[in-house]
Amino acid sequence: MRPHISGYVLDSISNKAIPNVIVKYSGESREEKTKTDDSGKYTFTMIKEGYNVISLEGRSREYLLEFSKLGYSNYKLVDGTRHGFTTGTKKVDTIKLKSTH
């Protein structure tokens, strides 16, 4: 299994999944976008050698996740934590977006 970043996006009031949220990954000199599915889940698979979010040397690799959807406040998450000697999966805490209605 390739290393990946994944998580869920929910409405902050109803705690229901928000589909079609645009999630943008920026880091390691690359950008990538995806959308949440019907369950609010998104996944970025690190498919190219050298683009692993998690460093083999245990160095901190900072990246930014941006969440946006019409009718909700935008949200940014910066992660630069030290992950140790692994190339495993990074599971992001559930993100809760606030409705602007």
Side-chain angles (χ1 to χ4, degrees):
M1 178 188 234
R2 294 182 177 126
H4 65 276
I5 297 172
S6 66
Y8 290 88
V9 181
L10 305 178
D11 182 278
S12 66
I13 302 297
S14 70
N15 283 322
K16 291 184 179 180
I18 307 174
N20 298 312
V21 174
I22 297 170
V23 185
K24 179 181 170 186
Y25 166 89
S26 302
E28 291 293 308
S29 301
R30 85 177 193 163
E31 289 186 356
E32 187 176 332
K33 288 183 182 179
T34 192
K35 288 185 177 183
T36 56
D37 64 14
D38 289 341
S39 68
K41 185 176 182 177
Y42 64 91
T43 300
F44 290 101
T45 302
M46 304 309 169
I47 58 175
K48 293 184 179 178
E49 186 70 29
Y51 285 122
N52 291 342
V53 153
I54 303 165
S55 169
L56 289 173
E57 296 85 26
R59 292 178 296 165
S60 177
R61 298 281 177 106
E62 186 173 279
Y63 63 88
L64 171 68
L65 292 176
E66 297 176 78
F67 302 84
S68 61
K69 180 167 175 137
L70 189 61
Y72 287 89
S73 296
N74 293 344
Y75 187 87
K76 291 183 180 182
L77 174 70
V78 176
D79 191 336
T81 58
R82 184 175 294 274
H83 297 285
F85 299 94
T86 181
T87 56
T89 297
K90 172 69 176 172
K91 292 187 180 172
V92 175
D93 289 338
T94 298
I95 303 298
K96 294 191 176 183
L97 298 184
K98 294 180 182 178
S99 175
T100 57
H101 294 117

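Atom set for the values below is all heavy atoms of this structure, side chains included, hydrogens, waters and symmetry mates excluded. Being a predicted model, the structure only gives us computed values, none of them experimental.
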*How would you list, by chain and number, every residue that makes a side chain to side chain donor-acceptor pair (under 3.5 Å) with Ser39, sequence neighbours excluded?*
Asp37

*Please name all residues satisfying side chain to side chain contact (heavy atoms under 4.5 Å, CB included) with Glu31, sequence neighbours left out, ordered by chain then number.*
Lys24, Ser26

_Check: Thr34 side chain, Tyr42 main-chain N or O, donor-acceptor pair, under 3.5 Å_ = no

*Any donor-acceptor pair under 3.5 Å linking the side chain of Thr100 with the backbone of Gly71?*
yes

*Residues that Ile22 engages under side chain to side chain contact (heavy atoms under 4.5 Å, CB included), provided they are two or more places apart*: Lys33, Lys35, Ser68

Which donor-acceptor pairs under 3.5 Å do the side chains of residues 7-17 make with protein atoms, sequence neighbours left out?
{"unit_1": "Asp11", "atom_1": "OD1", "unit_2": "Ile13", "atom_2": "N", "d": "2.8"}
{"unit_1": "Asp11", "atom_1": "OD1", "unit_2": "Ser14", "atom_2": "N", "d": "2.9"}
{"unit_1": "Asp11", "atom_1": "OD1", "unit_2": "Ser14", "atom_2": "OG", "d": "3.4"}
{"unit_1": "Asp11", "atom_1": "OD2", "unit_2": "Tyr72", "atom_2": "OH", "d": "3.0"}
{"unit_1": "Ser12", "atom_1": "OG", "unit_2": "Leu97", "atom_2": "O", "d": "3.3"}
{"unit_1": "Ser14", "atom_1": "OG", "unit_2": "Lys16", "atom_2": "N", "d": "3.2"}
{"unit_1": "Asn15", "atom_1": "OD1", "unit_2": "Lys96", "atom_2": "NZ", "d": "2.7"}

*Kindly indicate whether the side chain of Thr36, heavy atoms from C-beta on, has any atom under 4.5 Å from the side chain of Phe67.*
no

*Over all heavy atoms of both residues, which pair between Leu65 and Ile5 is shortest? Give the atoms and the distance, please.*
CD1-CG2, 4.2 Å

_Once side chain to side chain donor-acceptor pair (under 3.5 Å) is applied, do any residues pair with Asp38, and if so which ones, sequence neighbours excluded?_
none

_Just to verify, what does Lys69 make a side chain to side chain donor-acceptor pair (under 3.5 Å) with, not counting sequence neighbours?_
none

